[in-house]
Every structure is written in structure tokens, then in C-alpha cells.
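What you see below is based on every heavy atom in this structure, not just the backbone, and it leaves out hydrogens, waters and symmetry mates. Reminder, nothing fancy here: chain letters follow the sequence lines and each chain counts from 1. Just so it is clear, the model here is predicted, and its values are computed rather than measured.
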Amino acid sequence: MKKLTAILILSVLLIASCSFDKETGTSETGTGGSMARFTIINDYLYTVDFDNLNTFNIATPTDIQNIGRQKVGFGIETIFPINNTLFLGARNGMYIYSLQNPAAPVRQSFTSHFLSYDPVVVQGEYAYVTLRSMGWNRPSSLQIYDVSNLSNPILVKIHPMLDPKGLGIDGNRLFICDNVLKVYQISNNIDITLLASFNIQAIDIIPKGERLYVVTANGFYQYSYANNNITFISQIIMP
Amino acid sequence: MPLILLALCLLTGFSVNDKFEPETQYQPLLLSRTDLAGSVFFQPARDFTNPGKIYLYGDTIFIVDLYKGIHVIDNSTPATPRKTSFIHIPGVMDLAVKKSVLYADNAVDLVAINLKVYPQISILDRVSDVFPEPTPPDLDYIPAVFSSNKRPKNTVIVGWVK
């Protein structure tokens, strides 16, 4: 029942955000990639820097209120918002903050992993974290956590990767910027099957509305993943 | 608008002790606080040099060029997306947009840029000194030799060059 409720809430959110996009080019808020360090939820802008989580009230853009900085840990690299919750990717683990009071995020949990570079994205009750090895320690991987209890995430699956950076998820499609751009089919939330790979060195991606937006070290690429076909649409790259 | 970017290595009275390996291979780019306040403006579209963060907003795609600014891409025709302009933002790493207001880090400051009046620049607000200075690409911290008391007064690091 809890799962169903979460799916319903998610669906409503997805439908709402899609309709905004269709109506105008000036929807409420946009969408960042998994490497983002800024995110906006309603009237609040949350940012992470190396140590801290900052909260700004942007209800009046001409009068931004800097309402709080809290020390999180070290090597905080990414921020991912979902359902009044922030997931922070750090070098040594994953932090979950509740936004029950959006002006004052409260830590729900910290789940440690080996030192690595590690963005996180979340869908339903699962968090997907890529761990890019720093070379001298454990091999790179994709780790999948059951986060149905935000206070106690449970590692449920590890898939080996080569050199993962950003990642994105949309329904049963998982996209990973590994040594090449990889597209996976997800089943049972935790099993993955490689469907396609593209020989581009992607840094980060956003899958949205059956289109994949990719940034690489030399520019921008766009793909479609409608109807189970992954096809190239366009690119803007360095000369 | 006079923007004076100083490469610190050019300043006299400053040298890294060459008995030691320097901690970073990069030299900081400095901007005075006064110039930082006027450092955000629109420029013509330009080539990517160091693409980083990506952000979607309706039919517009923003791509950060690390420490330099943000490329604005019109993607209303996905088969032929085109760059329409570049927002010059020294020290930028990230952005988010709400209701046509773009929030970005301008080195240590947070700026709110009104996108509705493009190509006119309109900074709705600037919150000073809320972010740490950008670190060299090969380090997680700013080496002590570049700390603020060893630089010209009232300067901010806005990027790094080799």
C-alpha cells in the first residue's frame, strides 16, 4: 500500500511537471542532472558545497533570504530532490535529509560506502548510486539501495561498472555515463540488462519525456528513447 | 564595463617556493569584489570549452562552462538545437531555474538573473559570500599560498588556469 501511494504521488508529480512543460517555456522549475549541486523545491533553493548544505528562501527573487547553512560531512558532490526528501551524494556515502520543514532540512540517515565519486538518483523506493573508484581502492560499481525506510537504507544490489559518472532513470530505463554511455533495462527495480551503448564520454545526463539529454567533455548530445528504440537526434559539439 | 582579470602568477612579490612541488598545477584567476558585482552579463553564443552541469527548462537547455559562464541552447526544434547566447558568470559551477529566474553561483556569491528581459541583463538579487571559492581542478582545497591574506585586498578567486 505504501509502495502504491508512493507510485501515485510520483505519477501525479510527473504528470504535473510534464503539463507545465507543454503549456509554456516558463514552467515552475526545471530539471537538473545527477551531478547537480543546486536544486529548487517550491520556494527554496538548496545547494551543496564541499562541506555544507545551504538553504535559501527564494519566494521573492529580488530579496533572497539565506536562511541556513549546515555542515553535512566532507566531499558533498550532488543533490537529488524527491518527495520532500533530499539525497546527497558524498565521497564517503549517501546522506538523506527530510524536508518536512522545508526551511530546515533534517538528517534522516547516512549510509557509508568506500571513498569514491558518487552521484545518486532515486525512483520509487530505490536509490541508484554510481561509485567511481579513485583508482587505488575498490572497483567502480552501481549500488542500489532500498530506501523505503529513509532512516535505514539497505544495500540490495551491486553491479560492476568501469568508470561511472552521472546517471539517470526513467521508468524501466537506466542510463549510466560509464566509459561509454550505457542504456539498461531495469527489472524488479534492482536487476539491469544492457540494451545499448554509445561511444561518447558522457559526464551527465537527463532522461525526460522519452528524450535523453547528454553533456560530454566536448558538448551536448540528444537521443530519443521512445518506443524502446534508442536513436540519435542531434548534437552541438566543439569545433 | 572594465573587467580586470589578474593571473596571480603575473603579480610581483609572489612566488611559490620552488624547492617543493607546487600543490596545484594551476594559478588562480582573481576578480576584485567591485568587478565581481558587475561580472554577469549576456554575450553572443560561443563554443564549449569545458562543459559541465546540464539543466533543462522547458525548451531551453543550459550547460555550464566551468568557471566561465552558461551556454543557453534553444531546443524548441530538437533536431536542430542552437546556442542563442552565453551568460558570462565568472566562477560559475551550477544553476537552477524557477519562473524564469536563473540562480547561479558567481564564485562566492549567489545571483538571481531575470531571464524574461533577455538580452537585457537584470540581476534581481545578489547574496554575497555564501559559497566557498572555487578550488583548482586538481585539488579539493585552496593551497595556503593563495589564501586571501596573500593576495591583493578585496579579491575573489573566480577560476583557475594552467
Side-chain angles (χ1 to χ4, degrees), chain A residues 20-33 35-40 42-43 45-52 54 56 58 60-66 69 74-75 79 91 166 203-206 208-209 211 213-220 222 224 233-239, chain B residues 45 47-66 71 73-83 93-105 108 110-116 122-135 140-141:
Chain A
F20 271 126
D21 284 355
K22 275 175 196 141
E23 274 164 29
T24 64
T26 56
S27 59
E28 278 279 300
T29 63
T31 308
M35 307 292 270
R37 306 192 321 163
F38 278 35
T39 195
I40 293 173
N42 301 319
D43 286 338
L45 166 68
Y46 302 95
T47 74
V48 289
D49 54 50
F50 199 71
D51 307 299
N52 301 305
N54 302 294
F56 299 93
I58 56 167
T60 311
T62 50
D63 184 23
I64 300 169
Q65 304 297 315
N66 176 12
R69 163 182 298 172
F74 92 100
I79 185 166
R91 297 258 174 100
I203 300 167
D204 204 5
I205 40 179
I206 300 173
K208 194 164 192 260
R211 277 219 299 273
Y213 305 86
V214 185
V215 64
T216 71
N218 69 339
F220 166 70
Q222 194 164 199
S224 161
I233 302 176
S234 55
Q235 65 183 41
I236 302 177
I237 56 172
M238 282 182 199
Chain B
D47 289 333
F48 291 117
T49 57
N50 192 1
K53 304 298 163 66
I54 180 168
Y55 194 88
L56 293 188
Y57 186 66
D59 287 333
T60 306
I61 295 162
F62 298 96
I63 293 181
V64 172
D65 217 301
L66 191 66
H71 301 274
I73 297 170
D74 174 358
N75 194 43
S76 50
T77 312
T80 54
R82 62 186 187 94
K83 288 196 193 133
M93 284 187 269
D94 223 309
L95 80 146
V97 182
K98 181 180 179 186
K99 288 185 179 166
S100 293
V101 179
L102 186 153
Y103 300 85
D105 46 348
V108 296
L110 172 67
V111 287
I113 302 163
N114 184 0
L115 298 173
K116 276 186 209 142
S122 159
I123 307 296
L124 299 175
D125 200 4
R126 169 180 293 272
V127 190
S128 295
D129 293 313
V130 285
F131 303 122
E133 290 184 308
T135 57
D140 285 339
Y141 60 93

Part of Ile233(A) lying under 4.5 Å from any heavy atom of chain B:
both

Portion of Leu45(A) that has a non-hydrogen atom of chain B nearer than 4.5 angstrom:
side chain

Within the 4.5 Å heavy-atom criterion, are Val215(A) and Phe48(B) side-chain neighbours or not?
no

Quick check: do Ile113(B) and Leu124(B) have side-chain heavy atoms less than 4.5 Å from each other?
no

By a 4.5 Å heavy-atom criterion (distance strictly below it), what part of Phe56(A) contacts chain B: side chain, backbone, both, or neither?
side chain

Between Arg211(A), Gln65(A), Gln235(A), which residue shows the highest count of heavy-atom pairs closer than 4.5 Å to chain B?
Arg211(A)

Contact winner vs chain A - Asn75(B), Asp65(B), Ile123(B), Val127(B), heavy-atom pairs under 4.5 Å:
Asn75(B)

With a 4.5 angstrom heavy-atom cut-off, could you sort out which part of Ser76(B) is near chain A: side chain, backbone, both or neither?
neither

How long is the straight-line distance from CG of Asp94(B) back to CZ of Phe131(B), given to the nearest 0.5 Å?
9.0 Å

Measure distances from Thr47(A) to the heavy atoms of chain B and classify the residue's part below 4.5 Å as side chain, backbone, both or neither.
side chain

Count the heavy-atom pairs under 4.5 Å between each of Pro61(A), Ala36(A), Ser224(A) and chain B, then report the option with the highest count.
Pro61(A)

Residues in side-chain hydrogen bond (donor to acceptor under 3.5 Å, both in side chains) contact with Asp47(B), at least two apart in sequence or another chain
none

Please classify the contact of Asn42(A) with chain B as side chain, backbone, both or neither, using a heavy-atom distance under 4.5 Å.
backbone

Under 4.5 Å from a heavy atom of chain A, the part of Arg126(B) involved:
neither

Go through Ala104(B), Ala112(B), Ala96(B) and name the one with the most non-hydrogen pairs under 4.5 angstrom from chain A.
Ala96(B)

Most heavy-atom pairs under 4.5 Å with chain B, out of Asp204(A), Ile206(A), Val214(A), belong to Ile206(A)

What part of Asp51(A) lies closer than 4.5 angstrom to a heavy atom of chain B: side chain, backbone, both or neither?
neither

Between Lys83(B) and Phe220(A), is NZ or CZ placed under 6.0 angstrom from the six-membered ring centre and within 45° of the ring axis?
no

Engaged part of Ile61(B) at the chain A interface, taking heavy atoms whose separation is under 4.5 Å:
side chain

With a 4.5 Å heavy-atom cut-off, do Gln222(A) and Ile236(A) have their side chains touching?
no

Does any heavy atom of chain A fall under 4.5 Å from the side chain of Val101(B), the backbone, both, or neither of them?
side chain

So, does Tyr57(B) use its side chain to make a donor-acceptor pair with the main chain of Ser100(B) at under 3.5 Å?
yes

Can you tell which part of Ile64(A) gets under 4.5 Å to a heavy atom of chain B, answering side chain, backbone, both or neither?
both

Enter the distance from Ile54(B):CD1 to Met35(A):CE here, rounded to the nearest 0.5 Å.
12.5 Å

Backbone N or O of Asp140(B) within a donor-acceptor pair of the Thr135(B) side chain at under 3.5 Å?
no

